[in-house]
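This report concerns only the one structure given below.
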Number of protein chains: 4
Amino acid sequence: MTARAPRADALRNRSRVLAAAEQVFVARGTSVSTEEVARSAGVGIGTVFRHFPTKAALIEAVFRERLRRFGEEADQLVASDDPAAAIWTFLSRVAEVAAGKQAWADAFTSANLHDVLTPAREQLPRVLGALLARAQQVGAIRADVTVPELIALMLAVARVPDETPEGTALRARVLAIVFDGLRPRP
Amino acid sequence: MTARAPRADALRNRSRVLAAAEQVFVARGTSVSTEEVARSAGVGIGTVFRHFPTKAALIEAVFRERLRRFGEEADQLVASDDPAAAIWTFLSRVAEVAAGKQAWADAFTSANLHDVLTPAREQLPRVLGALLARAQQVGAIRADVTVPELIALMLAVARVPDETPEGTALRARVLAIVFDGLRPRP
Amino acid sequence: MTARAPRADALRNRSRVLAAAEQVFVARGTSVSTEEVARSAGVGIGTVFRHFPTKAALIEAVFRERLRRFGEEADQLVASDDPAAAIWTFLSRVAEVAAGKQAWADAFTSANLHDVLTPAREQLPRVLGALLARAQQVGAIRADVTVPELIALMLAVARVPDETPEGTALRARVLAIVFDGLRPRP
Amino acid sequence: MTARAPRADALRNRSRVLAAAEQVFVARGTSVSTEEVARSAGVGIGTVFRHFPTKAALIEAVFRERLRRFGEEADQLVASDDPAAAIWTFLSRVAEVAAGKQAWADAFTSANLHDVLTPAREQLPRVLGALLARAQQVGAIRADVTVPELIALMLAVARVPDETPEGTALRARVLAIVFDGLRPRP
DNA sequence: GATGAATGAGACTTCATTCAT
DNA sequence: TATGAATGAAGTCTCATTCAT
């Protein structure tokens, strides 16, 4: 009567589903069936739909969660006393996490998912905005660059497939070009 | 000895289907049903499948055709006596055509479509290679840049949605950043 | 510790589908649509495909089930102390059940179904083999007859349509001829 | 004005289609597409439908033609002065031609084709009747056997697959059993 | 008369979602 | 609350048949 055991169970299941969904979506795209997500989470499909009323809601939750974690990383970096290093680190980090993952770029651009993800997508500008402002203050990035450009450019790097060694090297080169383009011309 | 009459009709229908498919795929993604492509082309669904035996074949044909047209544009630009302008023009042109079209970026990166489009995708490197080489000879682009980077960066710009005036402006700014990153540092 | 409730419903539906499919296939051939099988079973088409992932799997299940029941009958007859009567009874029984049912002969001979049914078809030789061996020991059937001949001959009899009284009589006469051919010549 | 050249062409095409259809149907069943029959005949699909207004009509024509040829063979055998040999020869001949050919047994028994082939099927009893009567007169076949039994038994033998050497041997054994069953008991 | 492109009904199969247990 | 069986709309593809050339 005191504690509420079932609530704990439910929360754990929700986390499991979210984790399984992220892994599966990222590896094979958001078109994998909900059934497969459930199987991979070790729960029944009914449980998935209990926690996320539609597949779209599940997809949104997955990416919102990922963005939340990016937000946490950004918050820590904002406190850094080297704003230039902070933004390069963050952009590299995003590129690294998203590298070669279809689902990430899909999430931001797929026509089908566009409306679904609009709310989740709005988080990224907030965290990036702070990092960008500080980097521009110290002259690490051109003054005329805005957050949307950063997002577009990160997605570019994220799309470079890096399953092979050449892929990893290519991603590094693309990142370098983008960073160079972002720096003020001397 | 002259020509066969019925062929004309078939060719016209094939073109219609291809045009309708490009429009529909580009506007709403390659996941729209073949039925809808047929309806939009004003033909029966059987006609679509007669010309393209599977949906994958239709998708490939759409993008192969687009790349063929890019190839033609590139061929004309290669003959230009201003290699720097030529490559900027080509990259801008690709960005402009593909801008905001989900299907374009999908076509190059979607996990599902990857195998389907491999043959079509191989055309782009060829035409870009020539433009890049000439641009590097005259020092318009860094010597260490290779074709894969160019493709990755073009896709970035292509993904910037530009249905609004702000979108168009954003795309221009992203393009400028990328071009700056590609130029040799002074 | 007891049993799971939902299983009961599923099992009942599986049986319903199987029964409906046997009836429909036997009456009108295995080319009737899965949709019709579902309708005749009183379930949705999705339910049919949940229990039998392909139409081929459904067909195989139908005939495997039938053969299983034949196997049970044969097992009881093998224990009989009159091996001659046992095999005549069994062959008559098979002829009777399969009589006039297109699906039965199709199942054993159709080119399309051949591979699908290979596993199910392997059951029949086993049960027939025992009956035949005992019948041969007591001299009821020629020593040189083997199981494949029996199967071929049963299919012949099975094909005699017997929806009319004349059909039933014809089947009896064909059966008599075959039995005579199987007996040792005096 | 005298001869009618186009008629000759048409007749030749009709024969081609018929021959191709027999080969294809017999080898792979009557479910092969009309398109494939046309391709195998070296004509357009329109030509097939000009000569045979429906697929069912084509199927019927194929089997009617085959039965006509059987009829010719039977007519020659009826004139033989050894009626016993005549009927064994004819039955063996039918078994040999039809052996292992799905289409043949299908043609006589498939639910779908039943109505279509009724007219063609009526030819066989006529030719068999004469052979049987003479064989019975000389005591080669039991007096109580009728044509329907013969047809049913021939179909049995026809179904024995004989693509392998064992198949051929099996067919011979089944034929021997049937012949024995047809002979008067001593 | 011959051709083969066009048509659309219909087949099989998948999957998001609902609901009885 | 969790489960997974049931559902049926929708998608891809086939094929008999029609008809313009």
Side-chain angles (χ1 to χ4, degrees), chain A residues 5-7 9-10 13 31-39 43-58, chain B residues 4-14 17 31-38 42-58, chain C residues 3-14 17 31-38 42-56 58, chain D residues 5-14 31-39 43-58:
Chain A
R7 176 74 64 83
D9 251 42
N13 268 350
S31 64
V32 290
S33 72
T34 313
E35 181 82 42
E36 198 143 348
V37 171
R39 191 160 39 241
V43 303
I45 190 169
T47 302
V48 175
F49 276 91
R50 163 166 287 272
H51 288 290
F52 307 95
T54 63
K55 187 181 181 182
L58 172 61
Chain B
R4 277 295 187 71
R7 231 57 180 258
D9 246 45
L11 275 182
R12 185 161 49 82
N13 265 352
R14 199 192 128 96
V17 169
S31 64
V32 291
S33 74
T34 313
E35 182 83 42
E36 199 140 347
V37 170
V43 302
I45 190 168
T47 301
V48 176
F49 277 95
R50 160 168 278 268
H51 287 289
F52 308 95
T54 62
K55 187 181 181 184
L58 172 60
Chain C
R4 276 294 188 72
R7 233 55 180 260
D9 247 44
L11 275 182
R12 185 160 49 82
N13 266 351
R14 200 192 126 97
V17 169
S31 65
V32 291
S33 73
T34 312
E35 182 82 40
E36 198 141 348
V37 170
V43 302
I45 191 170
T47 301
V48 176
F49 277 94
R50 159 169 280 268
H51 288 289
F52 308 96
T54 64
K55 188 183 180 182
L58 173 60
Chain D
R7 176 76 62 86
D9 251 43
L11 274 182
R12 188 157 48 82
N13 268 351
R14 201 191 125 95
S31 64
V32 290
S33 73
T34 314
E35 181 81 42
E36 198 143 347
V37 171
R39 189 159 42 239
V43 303
I45 190 170
T47 302
V48 175
F49 275 91
R50 162 166 287 271
H51 288 290
F52 308 95
T54 63
K55 187 182 181 182
L58 172 60

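Residue B/Thr47 places its side chain closer to E/dT7 than to any other of E/dA2, E/dT14, E/dT7. Considering only side-chain atoms of D/Ser33, the nucleotide from F/dA5, F/dC15, E/dT3 that sits closest is F/dC15. Taking the side chain of C/Ile45 as heavy atoms from C-beta on, and the options E/dG4, E/dT17, F/dA9, the nearest nucleotide is F/dA9. In this structure, the nucleotide among E/dA2, E/dA11, F/dT17 sitting nearest to the side chain of D/Asn13 is E/dA2. In the set F/dT17, E/dT7, E/dT3, E/dT7 carries the atom at the smallest distance from any side-chain atom of B/Val43.
From C/Lys55, atom NZ reaches atom OG of C/Ser31 across 6.0 Å, with rounding to the nearest 0.5 Å. Distance check: C/Arg12 CZ to C/Asp9 CG gives 4.5 Å after rounding to the nearest 0.5 Å. Rounding to the nearest 0.5 Å gives a distance of 8.0 Å between CG of D/Leu11 and NE2 of D/His51. Here A/Arg39 contributes atom CZ and A/Ile45 contributes atom CD1; the two are 9.0 Å apart, rounded to the nearest 0.5 Å.
C/Arg50 has no side-chain polar atom (N or O) that falls below the 4.0 Å cut-off from OP1 or OP2 of F/dA6. Put simply, B/His51 has a side-chain N or O that comes within less than 4.0 Å of OP1 or OP2 on E/dA6.
Closest-nucleotide positions on DNA chain F for D/Pro53 and B/Lys55 were compared, and the one nearer the 5' end corresponds to B/Lys55. The nearest heavy atom of DNA chain E to A/Phe49 and to D/Gly46 marks one nucleotide each, and the one closer to the 5' end goes with D/Gly46.
Using Watson-Crick or G-U wobble geometry with both donor-acceptor distances under 3.5 Å, F/dC13 finds its partner in E/dG10. With a 3.5 Å ceiling on both atom-pair distances, the Watson-Crick or G-U wobble partner of F/dA2 is E/dT21.
The distance between atom CD of B/Glu35 and atom P of F/dA9, rounded to the nearest whole Å, is 16 Å. Note: CG (A/Leu58) to P (E/dT17) measures 10 Å, nearest angstrom. E/dT14 atom C1' lies 18 Å from atom CZ of C/Phe52, rounded to whole Å.
Among the atoms of the strands shown, only primed sugar atoms or phosphate atoms (P, OP1, OP2) are found under 4.0 Å from some heavy atom of B/Thr34.
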